[in-house]
Number of protein chains: 2
Amino acid sequence: MTSLADVARAAGVAVSTASRVLNGSTHPISAATRARVIEAATRLGYSPSALARALVSRTSRLVGVLVSDIVNPYFSVIARGADDVASRAGYVTMLSNVDRRTTTEINRLRTMRDYRAAGVIFAGSGHVDDPQADDLAKAVREAREQGIHSVSLTARDLGCQVITADSQAAAYEITEYLISLGHRRIAFIEGPPGMIANRERTDGFLACMSDADLAAEAQCLPGGFDYEAGHAAAMRLIARPPLPHAVLAANDEAAVGALAALRQAGIDVPGEVSVAGIDDLRVARFVGLTTVSLPLYEMGAMAARHIVDNPPCAGGDTTTTVLSHRLIARETTAPRPG
Amino acid sequence: MTSLADVARAAGVAVSTASRVLNGSTHPISAATRARVIEAATRLGYSPSALARALVSRTSRLVGVLVSDIVNPYFSVIARGADDVASRAGYVTMLSNVDRRTTTEINRLRTMRDYRAAGVIFAGSGHVDDPQADDLAKAVREAREQGIHSVSLTARDLGCQVITADSQAAAYEITEYLISLGHRRIAFIEGPPGMIANRERTDGFLACMSDADLAAEAQCLPGGFDYEAGHAAAMRLIARPPLPHAVLAANDEAAVGALAALRQAGIDVPGEVSVAGIDDLRVARFVGLTTVSLPLYEMGAMAARHIVDNPPCAGGDTTTTVLSHRLIARETTAPRPG
DNA sequence: TTGTAAGCGTTATCAT
DNA sequence: ATGATAACGCTTACAA
């Protein structure tokens, strides 16, 4: 491995001079020297040690992304957005799966701090009344004191920048759409209990039903964010007639599970019952699912942009940015006949 | 940030002593000193700088994963396998999307080298007759000289360890299964042209058809690895009757696209035509797709294990490990009637 | 415009 | 058993 000292020697200059020309400092350098250094560097195939650089400058070009599970397309889209921005800016993405465990989040945040990450993106939603929330918030605060940016992609109380979508409004609007189609009795398949993301969506659904004087017609079923949970919830619906006019799931994957259960039971969707989800993941396109598109990619991208664009943590920037969503009507919903 | 020097001072010992107790060296240390150092370290909330450590030891606890696109579930499963092993071993995963561009792979490999990554996993398949393949191989060789492990997850000529599945055999076996069901005229929807992964799968299909004396009945259609490509290919099939007895797609997502096109056209699957894929991604379960399960998670996990378990690059370990796959018959295939 | 030198936070090699 | 001290490869005052 050729170091800066090698380059300096080959060019016949001091390391400081070599450093100055090679890291684009504004320090004045004669054209001749500059040329000699550049020549030597390219000839020797010099590439600076990111470690040494980070050690001395006390900040690396590393951005951390904490997801619940990268296999979940919700998170992989976010990660893609973040990595696109990060790598375009010469940063590299550190990814960690935390499986919704706050203690794991804390540990990973600490690890990333040990690498002097420029910033960390919290993609997962966190739990309602999480007893560990304070510890995480403290870790975030400590990280900030070392100049590490934190960005949360959901409105959880981390005491950091938030860049998010209004999923409560999203749930509200798709419920409204279902109602506008003439559906009254609507079942909502909830996400994992205790997750903030689930509560927001459930609240949005309930608020809309209540605003439409349909609170009595609202039915919430325990579910989850995955296919199996949606499938199981729909089976319970089928077992206990009458069927609702429409079923909304807390996310697309569960909606697809519900859709499959309904159709397997010979129920016509959207003829007999309409089905909708939230997120607009790829699978929603595959099955023609009506849903609401959340700006996942943009959230990841914008969070990364915040990190790479700002100098090491200005301070307690606690701004919340809400990116917009939009309803996508496809083929699993139809007006209520009659 | 508290450093080793702070801890040493607080404990009234030399940094070297503090270092020895804190990094589990085998050097003899008196119980009393050890206790004092540990006490000071915990009291001060000391956490070692991963950067300084990596700088001096010339290797970090970083493992790089190069995928084509993390949004593609094929890759996210691999990344998950790698990260699980890596983080359990105290390593952190660096993720990079390379969009199938060899030059990007080279650049990212170099970047990871600049962070003294312990190893890099190449998850993407590479191109047939890639003019840049030599440059990549050279970069891999240079990385090895610095002690960086490289592991490829497909059989491309990088001159490094290979941990892979036999996708040619996988394609062969599922074709065989289709034939065993009584299908003769089988259409194969190819993956992206020029990708090694696609060639292997196409070869497997063709070899099986030819071994079954059905070469004349084999039909290959240009396609791709995504839903849209599978859908479009199936539309072309539909437009040009007679329909094949079965259609096999180069991967699950394309198979799902084909399945949707067929069903949208009112064609009964598996009644009139059978459909199968390769990979066994989550979506295959959703739609009940017959496919062959590839050990994606295990490939990622095993590659990471190779990196974290071995000391900085023993040398040109060019071993190839082939993990086993297995056929998963579901509901999109059925015996040919009559 | 260029050079010297002091760190950054570790680990490792000597001494003691 | 413990302590100095020299790296590791870079950036950045401060000098010249």
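Hydrogens, waters and symmetry mates play no part in the numbers below; they use all other heavy atoms, side chains included. Letters go in sequence order (proteins before strands), and every chain restarts at 1.
Where B/A32 and A/V15 each meet DNA chain D at their nearest nucleotide, the meeting point lying more 5' is that of B/A32. Mapping B/A52 and B/R20 onto DNA chain C via the closest heavy atom, the residue that lands nearer the 5' end is B/A52.
As rounded to whole Å, 18 Å separates atom P of C/dC8 from atom CG of A/D114. Rounded to whole Å, atom P of D/dT11 lies 6 Å from atom OH of A/Y46. Remark: C1' of C/dC8 and CG of A/L51 are 12 Å apart, rounded to the nearest angstrom. Across the protein-nucleic acid pair, A/L55 atom CG and C/dA6 atom P stand 18 Å apart, rounded to whole Å. Following rounding to the nearest Å, B/Y115 (OH) and D/dC10 (P) show an atom-to-atom distance of 13 Å. The nearest whole Å value for the distance from the CZ atom in A/R9 to the C1' atom in D/dG9 is 12 Å. If you measure from atom CG of B/N23 to atom C1' of C/dT10, you get 9 Å, rounded to the nearest angstrom. As rounded to whole Å, 12 Å separates atom P of D/dT12 from atom CZ of A/R58.
At the phosphate of C/dG3, OP1 or OP2 sits under 4.0 Å from a side-chain N or O atom of A/T17. At the phosphate of D/dT2, neither OP1 nor OP2 sits under 4.0 Å from any side-chain N or O atom of B/S16. One finds no side-chain N or O of A/S57 lying less than 4.0 angstrom from the OP1 or OP2 phosphate oxygen of D/dC10. Between B/S30 and D/dT2 there is a side-chain polar atom (N or O) within less than 4.0 angstrom of OP1 or OP2.
Base contact: B/S19 has a heavy atom under 4.0 Å from a base atom. At a threshold of 4.0 angstrom between heavy atoms, the contacts of A/S25 with the nucleic acid are absent. Within the 4.0 angstrom heavy-atom criterion, only backbone atoms of the sugar-phosphate kind lie near B/S47; the bases stay farther away. Nucleic acid contact class of B/L4 (heavy atoms, under 4.0 Å, all strands): base.
Defining each end axis of the helix from C/dT1-D/dA16 to C/dT16-D/dA1 as the rotation carrying four pairs' C1' atoms onto the next four, with five pairs an end, the two axes are found to diverge by 50° to 10 degrees.
If you check C/dT10, D/dC10, C/dG3 against the side chain of A/A14, the one that comes closest is C/dG3. Taking only side-chain atoms of A/H27, from C-beta outward, the nucleotide of D/dG9, D/dC14, D/dT2 with the closest atom is D/dC14.
For the pair B/G81 and B/Y297, the tightest heavy-atom approach, listed with the atom from each and the gap, is CA-CE1, 3.4 Å.
Residues A/R113 and B/S47 have side chains that bring a donor and an acceptor to within less than 3.5 angstrom of each other.
Annotation for A/D129: atom CG does not count as buried by contact number, only 12 or fewer foreign heavy atoms lying within 6.0 Å. Within a 6.0 Å radius of CG in B/D157, no more than 12 heavy atoms belonging to other residues, nucleotides or ligands are found.
Residues A/D99 and A/T104 fail the side-chain proximity criterion, which asks for heavy atoms closer than 4.5 Å.
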